[in-house]
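Note that the structure is predicted; figures quoted are calculated from it, not measured. Numbered from 1 within each chain, the chains take letters A, B, ... in sequence-line order.
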Amino acid sequence: MPELPEVETVCRGLTEVFPTPIAIAKVEVCEARLREPIVPQEVQSLQGSQVTRFFRRAKYMLWEVGEQLVVSHLGMTGSWRVINSSLRGGAASMAGTAVIEQQKPHDHVLVYLRGDPRILVYNDPRRFGLFRVIPKANWQEHPYFQQLGPEPLEKAKFTADQLLTLSRGRSVAVKNFLMDQKVVVGIGNIYASEILFRSGVRPHRLARRVSRDEFSRIVRESRRVLKAAIEKGGTTFRDFRQTGGGEGHFYQKLKVYERAGQPCRRCQTLIRQTTIGGRSSYWCPTCQK
DNA sequence: CTTACATCCTGATTGC
DNA sequence: TGCAATCAGGATGTAA
């Protein structure tokens, strides 16, 4: 589900909602069976600690909690929202009632705060997400992160030369290449199609057949699209929601994704849909070579 | 090593 | 209307 702009939106949303450090009072796990089972000892160790920062690496959201890091991946359908346990006027005796009223199916993790009536809730119907706690020391060396490629928005690390080198001899479609988190992080099925349209490159072209100039365009367009999507609060198609429950508005800017059979916004040719690597891909036969 | 494909799940939509 | 098939924004493990 969420790609880089959506995860970034969630991080920014939480940072906005919790500008000061927050203390975790209790973590309640309603359903531990996510992509990896939630470990009770890990969750318990968070109790009483301060969350000092929400940040992002690739499509992972990270919470800095003392000497540990909460690792939250949203999979396809995960979301975090904030509910208020004192909606009914703040009386402690009413808190339980209010919470129950706001609970939804597939709420798997509830993070209660100390001295704050709000509760952070993780919801994930398909349960492809992740909620684990790892040591903060050398976290980049952890298996979750060790193999990850560069952040596309960090200019020095994500370059056409880099892509050219990595792509030589690779007989995967350039779209799959771009979605490979070892090549560059944060790009998934929606943004891969959008980036390739804006770069004028057909998604099924083999990575090794893409020129240096084309990779330059891909690098530039990746940054443009991802930045623009962040500014719009991400893309909502089905499940994605911002922290406050709002939708992402970038879908209004999509040029090809889910537009099969509709005229290209640039040249009016009908947008085509093909399956590449088992995923739907959208492209314009005129604008993309 | 690379690449193709199944798999983990639930829910919405499509087609008969 | 009902029900089965299909598809969905991710990542990983397996096999070839």
Can you pull the side-chain hydrogen bond (donor to acceptor under 3.5 Å, both in side chains) pairs that have at least one residue in residues 9-27 of chain A, sequence neighbours excluded? A:Glu8-A:Arg12

Show the distances under 3.5 angstrom between N or O atoms of the protein and N or O atoms of nucleotides 11-13 of chain C.
| from | atom 1 | to | atom 2 | distance (Å) |
| --- | --- | --- | --- | --- |
| C:dA11 | OP1 | A:His73 | NE2 | 2.7 |
| C:dA11 | OP2 | A:Lys59 | NZ | 2.9 |

Using whole Å, report how far CG of A:Leu206 lies from P of B:dT2. 15 Å

Looking at residues at least two apart in the chain, or sitting in another chain, which of them share a salt bridge (charged side-chain N to carboxylate O under 4.0 Å, His left out) with A:Glu31? A:Arg33

Integer-rounded Å distance: B:dT3 C1' and A:Lys175 NZ: 16 Å

Measure the distance from CZ on A:Arg168 to C1' on B:dT2 and round it to the nearest whole Å. 16 Å

Test: A:Arg198 and A:Glu194 ion pair at under 4.0 Å: yes

Taking the six-membered ring for Trp, are A:Phe145 and A:Tyr60 closer than 6.0 Å centroid to centroid? yes

Between A:Glu6 (side chain) and A:Glu3 (backbone), is there a donor-acceptor pair under 3.5 Å? yes

Side chain to side chain donor-acceptor pair (under 3.5 Å) assessment of A:Gln273 paired with A:Ser280: CA-CA 7 Å; A:Gln273 172 179 10; A:Ser280 278; 2.8 Å; yes

Taking the side chain from A:His108 and the backbone from A:Asp124, do they hold a donor-acceptor pair closer than 3.5 Å? yes

Side-chain N or O of A:Thr77 less than 4.0 angstrom from OP1 or OP2 on C:dA8? no

So what does the secondary structure string of DNA chain B come out as, 5' to 3', with Watson-Crick or wobble pairs under 3.5 angstrom, [ ] for crossing and | for pairs with another strand? .|||||||.|||||||

Can you check the A:Leu4 CG to C:dG10 C1' distance for me, whole Å? 14 Å

Determine the interatomic distance between C1' on B:dA12 and the same-named atom on C:dA11; round to the nearest Å. 23 Å

Under the criterion salt bridge (Lys or Arg N to Asp or Glu O under 4.0 Å), which of A:Lys157, A:Arg57, A:Arg223 is the partner of A:Glu151? A:Arg57

Do the two ring centres, one from A:Tyr122 and one from A:Trp63, sit under 6.0 Å apart? no

Every protein N/O within reach of nucleotides 9-12 of chain B N/O, cut-off under 3.5 Å:
| from | atom 1 | to | atom 2 | distance (Å) |
| --- | --- | --- | --- | --- |
| B:dC9 | O2 | A:Arg126 | NE | 2.9 |
| B:dT10 | O4' | A:Pro125 | O | 3.4 |
| B:dT10 | O3' | A:His106 | NE2 | 3.1 |
| B:dG11 | OP1 | A:His106 | NE2 | 2.5 |

Counting N and O atoms only, with roles assigned by atom type, does the side chain of A:Glu214 sit under 3.5 Å from a partner on the main chain of A:Ser211, one being a donor and the other an acceptor? yes

Given the P atoms of B:dC9 and C:dT14, what is the spacing between them in whole Å? 16 Å

A:Thr235 near the nucleic acid: base, sugar-phosphate alone, or nothing, with a heavy-atom cut-off under 4.0 Å? base

Which whole-number value in Å describes the distance from A:Glu36 CD to C:dG10 P? 18 Å

Salt bridge (charged side-chain N to carboxylate O under 4.0 Å, His left out) with A:Arg170: which residues, sequence neighbours excluded? A:Asp180

Using a heavy-atom cut-off of 4.0 Å across all strands, would you classify A:Gly278 as base, sugar-phosphate, or nothing? nothing

Applying a 4.0 Å non-hydrogen cut-off, can you work out what A:Tyr191 is touching in the nucleic acid: base, sugar-phosphate, or nothing? nothing

